[in-house]
Every structure is written in structure tokens, then in C-alpha cells.
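Notes follow the structure.
Order of appearance sets the numbers: ligands from 1, and atoms from 1 within every ligand.
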Amino acid sequence: MAQYSRVSGTVGLITLLNPPVNALSAAVRQGIVDMMDKALSDRKVKSVVICGHNGKFCGGADIREFSSPLTGPLLIPVIQGVESAAKPVVAAIEGVALGGGLELALGCHYRIAHSKARLGLPEVHLGLLPGAGGSQRLPRLIGVPAALDIITTGRHVTAAEALKLGLVDRVTDRNTVDEAVKFALSVADQSPQSRRISTFPCPHHPDLDAVFEGVMQRVRQRARGALAPVACVQAVAAATLPFAQGMERERELMATLFTSGQARAQQYHFFAQRAVGRWSMPSGARWDKTKPVAVHKAMVIGLGTMGRGISVALVQAGVSVVAMETNEKQLMDAKQAISSMLERGAKRRGVAPALDKIRYSSDMQPAADVDLVIEAVFEDMALKKKVFQQLSALCKPGTFLCSNTSGLDVDQLASETRTPELVVGMHFFAPAHVMKLLEVVYGSRSSPQAVATAMELGKQMGKVSVAVGNCRGFVGNRMLKPYLEQAFFLLEEGATPEFVDQVLEEFGFAMGVFRMSDLSGLDVGWRVRKADGLPDGHSARIRQGCRYSPLGDLLCEQGRFGQKTGRGWYQYDKPGGQVAKPDPWLQDFLEKFRTQHGLVARRIDHQEVLERCLYALMNEGFRILEDGIAAGPEDIDVIYVLGYSWPPHRGGPMFYAAMVGLKKVLERLEHYHQEHPDIPSLKPCNLLRKLVVSGSPPVQKWREFLQKPQSQL
Ligand code: CAA
Ligand code: NAI
């Protein structure tokens, strides 16, 4: 809805009213039309201000409406109505002006923003483009290059940058609505004719063709198969045409995107990211019934790859940090690395680096005085247990004890302490100050408050926190295991690393499994596999009665650890090199391996690579749901998109399973399991069968088929 009042005698004030973000629902759009009519027909009113209720201008179109037939007036004519008004209209932008919200502001004749406001056209993240004139008005106002940047990245622009770009006319630290009203009084007598952006020519640029070509190339590369970023560039290109023609092109492009599966996937992901915040535990404890404890001071133990990133993310979230490391050289290196990460981060955000928020230690003593500890030492249970014993003896009552383990048993760590209820996993992803995902792992004795505190701290650090149960590898790494396994088996059967990677990258992963494995280091998994015991004596290809591929182990035995040694699944020009080249040595090695094990290479096609890798991964996802380790498909999907580079335009593995069709996934798994009965991860899980028997309900309904979540260990 929208409210109307007359203020300061001659200013019509229209307030968008649709909490929490004043999204442009049908009622709000109708409200704008009605209130504009009122303001324009009120003879006492000389100018108009549009603002949003409760300090937020507008979060854009109401995304929830996209899944049902649109009702009420369309946004394009609503904005045209505002722009063509005979009285000057001023947008008072507080909080956010995003998507349709910014498009509405662009339809106004003037824009006044609060200094803390953020503006942007994030439609690209929803699989769309700014389809209410945004792709046509923004380039006319601020020029093609700047508009392309804002529209194709969907990034939020600060008020200061918006002023510099000419996107807003004035920025204020005071009450924005009051300032906008004053401004509206000052322009009341001026004709809005010259302020209608749709009448502006697109600003001249000496070589627009080159600009579009360069941006298109970059965008295609980054898009990983997503349609929306490309369509955004095409829409902005149409801004060089007369406005009506440009709008027609925008409409055509939007029509294709709007009904696409990609848009559905990305909109699902938007809501899934928010749904995971509403966590629950097997005990019935929930997000809305548990109060987190404020964390002012934290300690990070172990300053390797992860500890450094975690320390930076904590400091940037305003938490005081004691960073602790036993290895003297590591400590020195870490100090330097953390300072420079903090400096770079501060520069990017235009603030001073909070170097005084962190201090370093080579012993555990400071643990006595912190609210929360995050342990990030080597992935070694005996070592971690020792650290938890020490912490338990040192910490003050109430200190939360967290581990960044990537998959070890949180309950075992908890049992080393006097306060198992205060122990949770906080599984960050590398680089920890950049990656948005945090898995918060609750053990069988973790208290709701410990979970709530870790979830809230993650949020404070700018992460999307997902609460998951305790099992080997939690959610993300547990699902990764069958995926990697299939990739290895495919090599044994005749595929090459290049081919498998190419198929997965064409699907949309940032990196195929072998390139990724070379980047993270083959030795990491090797150490874990060795700790689990070597294959059965009688065959290197059988482990615990099931098929096992020793390929990764054999490469490690040759000292091929990936990029760090210059050799892995690929070859690199030097240790630490990043450009992967196919390695003839590997071809030779694979051929010898096959001969030795009586395997005959066969032709493996694109479809088999995708189905075996992805369906095995999804099947594990169904098992995770069945076991109650993840509360719902959204949790798994958010983990995969934010932590494992699953392409957002494919929603996540569980959403993708529903898109492909659960019946088809089941049939193909049955087919592959029949061909490979010694690979249990290909055996379709019961939940998948149950869902198919129940008519393959949409992913949003799967929770109805799940038992209450419980810890598996
Ligand atoms: N439509 C519907 N619901 C929305 C919404 C929107 N545009 N924006 C936010 N919400 C909902 C969220 O789902 C959430 O509700 P639930 O918790 O029930 O899921 C609630 O509002 C609060 O949102 P956040 O938790 O995200 O709140 P925040 O304060 O952290 O962030 C925000 C606020 C920056 C506006 C963020 O919500 C956001 O980025 N919203 C989406 C903005 C966007 O993409 N707009 C473009 C829409 S498409 C469009 O406009 C196309 C067009 O022109 C045709
Ligand atoms: P790393 O090897 O880079 O760093 C570990 C650090 O811990 C080293 O600097 C080591 O000197 C230090 N350390 C060892 N014992 C210590 C002790 N008793 N007290 C203080 N410091 C000690 O390891 P990395 O990669 O940072 O991993 C750390 C943890 O994070 C592991 O549990 C790992 O599984 C997990 N993890 C790693 C990810 C990655 O991508 N590297 C991703 C997510 C989790």
C-alpha cells in the first residue's frame, strides 16, 4: 500500500508501506497510482515526495509474486505515470533503493539519498534484468560503462558513490524525508520536463562498441552459463536506441528470462538463503526461541590458511581477537599476512584498518579471558583433542569452544571438555574472510545457546550460517565424497581429467573436480584416507568390500600433490603454477593402471560424466535429509552454492534434482547401480524413492516427508 499526506502546505508526501522492505507488491503499485492521482489532482500540491515507511525506500519488486500470475498495475506504466507527472517528484531514499525501487526512483525527477543508503539493480542475482526501465534509464543518466557495471554485477552502490556517478542529486546526513520536502518546495515552480530521464540521449562515448564487446566477453566468462548477465548487457546496448525501442527490447529480453528455469532457481536461492536462518535442533530448540550471547572477544588457535582468514573476518566484524600459533615462523608469517589482509579490506571499504583489534600469542594463556574460541589446528583428532582439553582447563565458565574441523566428530571433541554443551563446529570455507558460507555443526550435547551464538557470530561476520548435524564430513564434504569417487572411477573406466573437468565446468562449476583437487592439494585427502586404513590386502581397488579407486593415492606416492608441487592431475610450469596443462605422463600412467587391473578403456560421454558425478552427489544429499543431518533441501542447496561453487542459476543440487525430475534421477541411479553394484553411493536412497512414489512433490514440500532431524553419531 501507499499512504498520502500533504506536508509543508504544498508538498504531497507518498509513503510506500509494505514491511519489512516496502516491496512493490500489487497493492503498493496500485497505491502509488492512486496516491499520485491524489497528489496531481490536489490543486494545493505543487510538488511530490515519494519515500518508504520505516527508513527503507524500497527493496524492489515483490519477489514472492513472481511465481503466480501478476495482478494489479504493471510497474512500467506506474513508473511512466510518475515520470510524466506535470508536478516535480522527488525520491527520498533511505535504507535501500534496489531493483524496482531504484527504477521507481529513476522515474522521479530528483533523488535525495541518506548518506547510509544503498542503491542497486540486483535483478541479475534473481536471474532477471532491470525490466521496469532500469536498463534504459540508468545508462541515460550515468553513462553506459557505469550502468553496465552496476547492472551486470548487481552490486550495491553507496550514497557517496551514487552522488559521484550522478545517480542521486544530493546526499544528506539529516532526516532524508525532511530534506526531500525542503528540496521539493525549492523546485515546486520548475517544470519537470527537462528532468525526465527517458528523454535524455545516451551520453556520448568515443568507443561504445569496444566497451560492449569487452564487457560481454568478461560477463560471459563469469556467467558460467547463466543467461541473465548476458541479457543485461544486451538490454543496456538497446539504451542507445530511441527510448521506446529500447523499452521494447528490454521487454523482450525480460520475457525470456522471467519464465526461465534459471530465474526460478535463483529466486529459490534468494529465499533459501533466508530460510536457513530459521534453524532448529532435534531437541526442538529453534532460532526464534534461543538468545545468542554477544561475543566481544575471541581467540583463534592455529594461524595457517584457515586461522588467518577467520581472524580477519572476526576483526572486520568488530570482535577483538587473540590469534594464537605455536610455530614461530608461522606466527611471524601470519602477523604479516593478517595485517595486509586487514589493510586491503579496509581500503576496499574506505575505512581505517582495525589493526588494534588483534593481538598475537604463542601460548594458550589468553584463552582464560575470551568469550569464544575457534580452533583451526591441523586436521588431526589427537591434536584437536589435546587442544580442547587445554581449553577446558583454561577458559572461564561460559566460553564457547568451536572447531573449524572439516569433518571430524564434534562429539568426540566435546567429550574432552567439562562443558560439552558449549562445544560446536564452526566450519568455515577457504579463504575464510571471503567465502560466505559457515556450517554450524551441533553435536549431541551442544546447547541451543551455543548454536544460536555461533549462527549469530557467523551472520555478524557477513556469512550465511547453516546449522547442520554431526556426521563424517557434515553436509558439504560428506556429499563431496561420492562425487569425487565417481570422477576417479570414470578415469579408471576410460575418461581423462580434462574431459571430466570440461563437462563439469560447462555445467557451471567454477572448476572441475580435478583442477579443484590440484588447487586444494591432493595430499589433504590422502592423509585422511591413510588414517582410515589402506585398501584390503587382496586388491588395491576394494575397500571395506566396496569399489575403491587408489588413483589419488598413487599420484601422492609419486609426490604429485597438485599445484604446490607443479604436478598432480595436470602439469604446471613450476611448483605453485596455476595454468593446468594435460600431462602425457598421466595418460601413460592411466593406461598402465588399467592394464594392470584388467580394465578396458571405453568411450565415456558427456551425459554419463554429469549423471554419475552429480546424481551420486544428490543421492548423498537425499541420505543426509533422511538422516536428519540437514533440516531441509534449502540447507543443502545454500551450502553447495555458497561453499562448493555450484552454479546459482541451477539452484543447488536438491533443487536441480527436482528440476531434472526425481523419477529420472531415480531411474538413472538404478541403471548405474545395476552396472556398478559394488558402488553403494549409486544405490538410490529410500527418501528419493518415497518422494517419487508420492508424485515427486516440489522441493519446497520435501520437509513434509522428513523425520525430525537428529545427530547421527
Ligand atoms: N520481495 C519480497 N520479499 C523480500 C524482498 C523482495 N524484493 N526483499 C526482501 N524480502 C523479504 C525477505 O525474504 C525477508 O523475509 P523472510 O525472512 O520472511 O524470508 C525479509 O524481506 C527481510 O529481508 P532480509 O532478511 O534480506 O533483510 P535485510 O535487511 O538483511 O536485507 C535487503 C534487506 C537488502 C532489501 C534484502 O532483502 C534484499 O537484497 N532484497 C532483495 C532486493 C532485490 O533483489 N530487489 C530486486 C527485486 S526484482 C525487481 O525489482 C525486478 C523488477 O524490476 C521487475
Ligand atoms: P594449516 O596447516 O594451514 O594450519 C594449521 C596451523 O595450526 C599451522 O600453522 C600449525 O602450526 C598450527 N598448529 C598446530 N598445532 C597447534 C597448536 N597446538 N596450537 C596452535 N597452533 C597449532 O591448516 P588449515 O588448512 O588452516 O586447516 C586448519 C583446520 O581447518 C583443519 O581442521 C582443516 O580441516 C580445517 N579446514 C581447512 C580448510 C582448507 O581449505 N584448508 C577448509 C575448511 C576447514
Before signing off on this row, confirm whether [X] and ligand 2 have an N or O atom pair separated by under 3.5 Å.
| X | result |
| --- | --- |
| Glu325 | yes |
| Glu379 | yes |
| Ser406 | yes |
| Met306 | yes |

For ligand 1, does [X] get within less than 4.0 Å through its side chain, its backbone, both, or neither, judged by non-hydrogen atoms?
| X | result |
| --- | --- |
| Arg278 | side chain |
| Pro20 | side chain |
| Leu126 | side chain |
| Lys56 | neither |

Test side chain to side chain donor-acceptor pair (under 3.5 Å), reference Arg308, set His433, Gln336, Gln330, Glu325, output is Gln330
- Message: Given the ring of Trp287, does Lys289 sit roughly above its face, with NZ or CZ under 6.0 Å from the centre of the six-membered ring and within 45° of the axis?
- Response: no
- Electrostatic pair Asp288-Arg278, nearest N-O below 4.0 angstrom: no
Margin query: I'd like to know if Glu83 and Arg137 make a salt bridge, using a cut-off of under 4.0 Å between side-chain N and carboxylate O.
Written below: yes
the protein heavy atom lying closest to atom 50 (O) of ligand 1 turns out to be Gly100 N, 2.7 Å
Atom 19 (O) of ligand 1: closest protein heavy atom, distance to 0.1 Å, is Arg64 NH2, 3.3 Å
Tell me whether the centres of the aromatic rings in Tyr483 and Phe509 are closer together than 6.0 Å. yes
**Asked** What about His269 and Phe271, are their ring centers closer than 6.0 Å?
**Response** no
Looking at Glu123, Met254, Lys459, the heavy atom closest to atom 54 (C) of ligand 1 belongs to Met254
So for Lys384 against ligand 2, with non-hydrogen atoms under 4.0 Å, the contacting part is side chain
At under 4.0 Å between heavy atoms, what of Lys386 touches ligand 2? The answer is neither
Atoms of ligand 2 under 4.0 Å from any heavy atom of Ile301, numbered from 1 in the order shown, are 19 (N), 20 (C)
**Request:** Indicate yes or no: does an N/O atom of His156 lie under 3.5 Å from an N/O atom of ligand 1?
**Result:** no
